[in-house]
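From a predicted model like this one, the values you see are computed outputs, not experimental measurements. FYI, the numbering just counts along the sequence from 1.
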Amino acid sequence: MTSWAKILMASACVGLATPCVAQESPKQVLAAHLRTQGYKCDAPKSATRDAAASRPDEAVWIIRCENARYRVRLVPDMAASVESF
């Protein structure tokens with residue numbers, strides 16, 4: 001499983017020795033990543049995985065922000081490919 005898949009997957013707590021910790025939603029993680037690459041996404045509204053455009057080890061997400069909509073292709077160990085539409 002890729003590092004992006006681990007970050008974006010919602011998972012239940014499985015460790016009995018550690019307490020459950022709230023996880024960030026995919027829209028929050030993607031918005032933060034967009035901002036680190038210089039894109040504006042102050043108020044993320046939604047993030048939906050584009051299964052038709054995704055490939056093994058390359059997840060594609062559509063993220064809607066208050067000011068724009070982006071298609072984000074996540075490739076392990078590389079900067080995300082971002083297109084605004």
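The line from CZ of Arg73 to CE of Met78 is 11.5 Å long, rounded to the nearest 0.5 Å. With rounding to the nearest 0.5 Å, the separation of OG in Ser84 from CD1 in Ile63 is 12.0 Å. How far NE2 of His33 is from SG of Cys41: 12.5 Å, rounded to the nearest 0.5 Å. Taking OG1 of Thr48 as the start and NZ of Lys27 as the end, the distance is 10.5 Å to the nearest 0.5 Å. Here CD1 of Ile62 is found 12.0 Å from CZ of Arg49. Values are rounded to the nearest 0.5 Å.
Under a hydrophobic clustering in which Ile, Leu, Val, Met, Phe, Trp and Tyr are joined whenever their side-chain heavy atoms come within less than 4.5 Å, directly or via other members, Val60 and Leu30 fall into different clusters.
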May I have the step-by-step check of salt bridge (Lys or Arg N to Asp or Glu O under 4.0 Å) for Asp42 and Lys40, ending in yes or no?
CA-CA 6 Å; Asp42 295 329; Lys40 185 172 179 167; 3.8 Å; yes

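In this structure, the side chain of Gln37 does not engage the main chain of Leu34 through any donor-acceptor pair within 3.5 Å.
When every heavy atom of Tyr70 is checked against every heavy atom of Phe85, the shortest pair comes out as C-CE2, 3.6 Å. Across all their heavy atoms, Val72 and Ala80 have their closest contact at CG1-CB, 3.8 Å.
Annotation: salt bridge (Lys or Arg N to Asp or Glu O under 4.0 Å) contacts involving residues 60-72, sequence neighbours excluded, comprise Lys45-Glu66, Arg71-Glu83.
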